[in-house]
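To start, the structure under review is shown below, and the notes come after it.
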Amino acid sequence: MKTIHIFLFTILFSSLLIAQEESIDFEDISNKRKTYQAYIYNFHIDKVGGVTQFLRNNGYPQLDDFGHQIEFRIGSSKKLKKFGPIFSATYYIRSATNAGNFSNQANLTGWSFGFGTEYNLINSENFFIKPMLLLNFSNYTLNLIESANSTSIDQVLNSDYKEYSFKSSQIPVQGGINIGFDFSINNKSIGVILGGGYYLNWLNDNWKLGSNTHVTDKINLSSPYLSAGILSALD
């Protein structure tokens with residue numbers, strides 16, 4: 001629950017910053033700052049490396065080949081500047097394939113905050129193409145449950161139920177390109193953003209059980225991704 005509260009607070013705080021920036025009266029219209037906020041779905045294409053064998057050997061379903069990530073993003077730029085800051089907050093999940101056929105369960109979740117920059121390759125009034133580079137601060141949890149078919153507290157207490165949570169703090173680099181366009185409806189600017197890129201996770205052996213027990217497995221979450229979402233542009 002703490003993770004969800006932090007995630008929601010960040011979105012609220014970032015939205016307040018945008019609203020404050022929108023109220024500023026710029027004297028030089030040619031160098032006016034334009035800010036957008038976007039809600040994006042990222043589709044991770046690669047499998048998670050390093051988990052197939054130990055899940056199979058211990059009677060667990062395999063993780064899905066594809067990962068799913070929900071992102072809240074803020075981008076800001078000026079007409080006469082090529083680079084603009086970008087902020088990102090995400091929640092990531094990868095469930096198990098054919099989970100209903102197993103009494104053991106597995107899933108992988110994570111949340112992150114990212115800071116970086118976009119390059120205004122094209123930045124017109126209603127259309128942009130922007131390559132981007134972000135440094136993310138991420139926390140992942142690989143959750144494994146044995147005898148997960150119990151349906152009541154009493155059954156759990158009288159079963160062979162076990163749960164293991166392997167956690168990892170990482171600093172992946174994200175590179176990609178975003179294409180967006182917006183249009184005005186009732187004096188409000190909304191639009192669509194599309195993109196893609198690559199998440200590079202290099203701290204693949206930085207996993208531990210509990211607070212002190214490190215494991216030697218290398219679990220690689222690096223993956224190319226495709227993204228699509230909606231945006232609102234604030235002038």
Side-chain angles (χ1 to χ4, degrees), residues 3-4 7 10 38-58 60-75 86-99 102 105-119 129-144 164-180 192-209 214-231:
T3 299
I4 296 176
F7 187 73
T10 303
Y39 297 90
I40 300 171
Y41 167 68
N42 295 321
F43 183 66
H44 290 246
I45 299 172
D46 272 4
K47 298 179 180 180
V48 176
V51 298
T52 301
Q53 197 63 38
F54 72 74
L55 290 177
R56 180 182 297 155
N57 291 346
N58 292 279
Y60 284 90
Q62 296 300 305
L63 293 177
D64 284 344
D65 292 344
F66 306 112
H68 310 277
Q69 187 178 41
I70 303 299
E71 177 182 1
F72 173 70
R73 183 187 299 170
I74 298 174
I86 185 172
F87 167 80
S88 173
T90 69
Y91 180 75
Y92 171 93
I93 185 168
R94 193 181 291 247
S95 302
T97 303
N98 299 324
F102 292 81
Q105 299 297 312
N107 65 74
L108 180 64
T109 59
W111 58 266
S112 68
F113 301 101
F115 302 89
T117 185
E118 290 181 313
Y119 178 76
I129 298 179
K130 299 181 179 183
M132 72 174 187
L133 185 66
L134 287 98
L135 187 66
N136 292 287
F137 301 88
S138 304
N139 280 277
Y140 298 101
T141 300
L142 175 62
N143 201 51
L144 305 177
Y164 308 93
S165 292
F166 298 89
K167 298 181 180 295
S168 177
S169 295
Q170 302 196 22
I171 310 176
V173 173
Q174 178 186 355
I177 187 168
N178 302 310
I179 301 173
V192 175
I193 186 169
L194 303 172
Y198 193 84
Y199 271 85
L200 176 63
N201 293 70
W202 67 85
L203 298 175
N204 300 325
D205 58 352
N206 185 34
W207 292 82
K208 60 184 180 180
L209 178 65
H214 288 265
V215 296
T216 58
D217 300 82
K218 293 184 178 182
I219 302 175
N220 187 0
L221 301 178
S222 298
S223 175
Y225 69 92
L226 300 173
S227 61
I230 57 175
L231 65 85

Using the rule given for side-chain contact (heavy atoms from CB on, under 4.5 Å), can you reason through Q62 versus T52, listing the C-alpha separation, both sets of side-chain angles and the distance that settles it, and then say yes or no? CA-CA 6 Å; Q62 296 300 305; T52 301; 3.3 Å; yes

Check the pair N139 / W111 against side-chain contact (heavy atoms from CB on, under 4.5 Å), numbers first and verdict last. CA-CA 6 Å; N139 280 277; W111 58 266; 3.5 Å; yes

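Nearest heavy atom pair, residue K167 against residue T141, reads NZ-OG1, 3.2 Å. Taking every heavy atom of both residues into account, P131 and I129 meet most closely at CD-O, 4.0 Å. Looking at every heavy atom in both residues, S227 comes nearest to N42 through CB-OD1, 2.8 Å. Nearest heavy-atom pair, S169 versus L203, reported as atom, atom and distance to 0.1 Å: O-CD1, 4.0 Å. The minimum heavy-atom distance between Y140 and P172, with the atom names listed, is OH-CG, 4.3 Å.
Here H44 contributes atom NE2 and D65 contributes atom CG; the two are 14.5 Å apart, rounded to the nearest 0.5 Å. From F66, atom CZ reaches atom OG1 of T97 across 9.5 Å, with rounding to the nearest 0.5 Å. A distance of 3.5 Å separates CD in E118 from CD1 in I86, rounded to the nearest 0.5 Å. Residue K218 holds its NZ atom at 6.0 Å from CG of D205, rounded to the nearest 0.5 Å. In this structure, the separation between CG on L144 and CG on L55 is 6.5 Å, given to the nearest 0.5 Å. Note that CG of L200 and CG of L221 are 11.0 Å apart. Values are rounded to the nearest 0.5 Å.
In summary, the side chains of Y92 and Q69 do not present any donor paired with an acceptor at a separation below 3.5 Å, with no hydrogens or angles considered. Counted by atom type alone, S112 and T90 present one or more donor-acceptor pairs between their side chains at under 3.5 Å.
At least one donor-acceptor pair closer than 3.5 Å links the side chain of S223 to the backbone N or O of I45. For N220 (side chain) and S222 (main-chain N/O), a donor-acceptor pair under 3.5 Å exists by modelled atom type. Although no hydrogens or angles enter the test, the distance criterion places a donor-acceptor pair under 3.5 Å between the side chain of S168 and the main chain of N206.
In this structure R94 satisfies the salt bridge (charged side-chain N to carboxylate O under 4.0 Å, His left out) test with no other residue, sequence neighbours excluded. Considering only residues two or more places apart in sequence or on other chains, N58 meets the side chain to side chain contact (heavy atoms under 4.5 Å, CB included) condition with F54, Y60. For N143, the side chain to side chain contact (heavy atoms under 4.5 Å, CB included) criterion is met by N107, I145, E163, S165, not counting sequence neighbours. The side chain to side chain contact (heavy atoms under 4.5 Å, CB included) check on A96 picks up P61, A99, with sequence neighbours excluded. Taking Y41 as the reference, H68 meet the side-chain hydrogen bond (donor to acceptor under 3.5 Å, both in side chains) condition, with sequence neighbours excluded. By the side chain to side chain contact (heavy atoms under 4.5 Å, CB included) test, L209 is found to be paired with Y164, F166, T213, residues two or more places apart in sequence or in another chain being considered.
Between F43 and Y225, the ring centre distance reaches or exceeds 6.0 Å. Taking the six-membered ring where the residue is Trp, the centroids of F72 and Y39 are separated by under 6.0 Å.
Just one residue in the list D217, T216, L142 forms a side-chain contact (heavy atoms from CB on, under 4.5 Å) with W207, and that residue is L142.
Using a 4.5 Å heavy-atom cutoff, the side chains of I193 and I230 are not in contact.
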